Amino acid sequence: RSSQRPGTKGPVHLRLILVSGKTQDFTFSPNDSATDIAKHVFENWPAGWEEERVSSPSILRLIFQGRFLHGNVTLGALKLPPGRTTVMHLVARETLPEPNSHGQRNREKTTESNCCLLL
């Protein structure tokens with residue numbers, strides 16, 4: 001059976017949630033990658049998100065089902081349900097976490113944790 005179903009070519013609706021709890025809906029193509037999404041959001045930063053504005057799109061990271069999406073992953077590859085709005089978290093991180101790197105090179109401006117994900 002072919003993995004190319006007619007419904008997968010349509011637009012992908014994403015609801016992005018910030019650590020602060022603010023949300024915004026966006027529409028993307030299945031061919032858009034995590035890097036494309038970060039760039040689009042950075043260039044079209046929602047008016048209500050001014051306090052969370054970042055200096056560069058390169059530090060914006062998407063989290064889907066508890067996992068960081070690497071830059072070249074496309075929405076189509078995630079096999080999202082067509083026609084439904086998919087929720088993802090948007091966080092600012094300079095680097096993706098690596099195993100055993102917890103607590104090292106902590107360059108946070110504040111002592112409190114900026115993100116908690118309970119899986």
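Please read these numbers as outputs of a predicted model, since none were measured by experiment. Each residue takes its place number in the sequence, starting with 1. Reckoned from all heavy atoms, side chains included, excluding hydrogens, waters and symmetry mates.
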Margin query: Whether the side chain of Lys39 engages the backbone of Pro57 through a donor-acceptor N/O pair (distance < 3.5 Å, no angle test) should be reported.
Written below: no
- Task: Show the numbers, then the answer: is there a side chain to side chain contact (heavy atoms under 4.5 Å, CB included) between Ile17 and Leu90?
- Result: CA-CA 6 Å; Ile17 304 177; Leu90 184 70; over 6 Å; no
| Do any N or O atoms from the side chain of Arg61 and from the backbone of Val91 form a donor-acceptor pair under 3.5 angstrom? | no
### Task
Mark yes or no for whether Asp32, through its side chain, and Phe28, through its backbone, hold a donor-acceptor pair below 3.5 Å.
no
Hits for side chain to side chain donor-acceptor pair (under 3.5 Å) against Ser33, two or more places apart or cross-chain, chain-then-number order -> Asp36
Heavy-atom count around Glu51 CD within 6.0 Å, excluding the residue itself: above 12? no
Given the options Leu78, Leu80, Leu75, Thr86 meets side chain to side chain contact (heavy atoms under 4.5 Å, CB included) only with Leu80
Neighbour count above 12 (heavy atom, 6.0 Å) for Arg53 CZ: yes
For Asn44 and Phe26 the tightest heavy-atom approach is O-CE2, 4.3 Å
Taken in chain and number order and not counting sequence neighbours, the residues that satisfy side chain to side chain donor-acceptor pair (under 3.5 Å) with Ser55 are none
For Ala92 and Val54, the nearest pair of non-hydrogen atoms, with its separation, is CB-CG1, 3.7 Å
In terms of hydrophobic clusters joined by side-chain contacts under 4.5 Å, are Leu18 and Val87 together? no
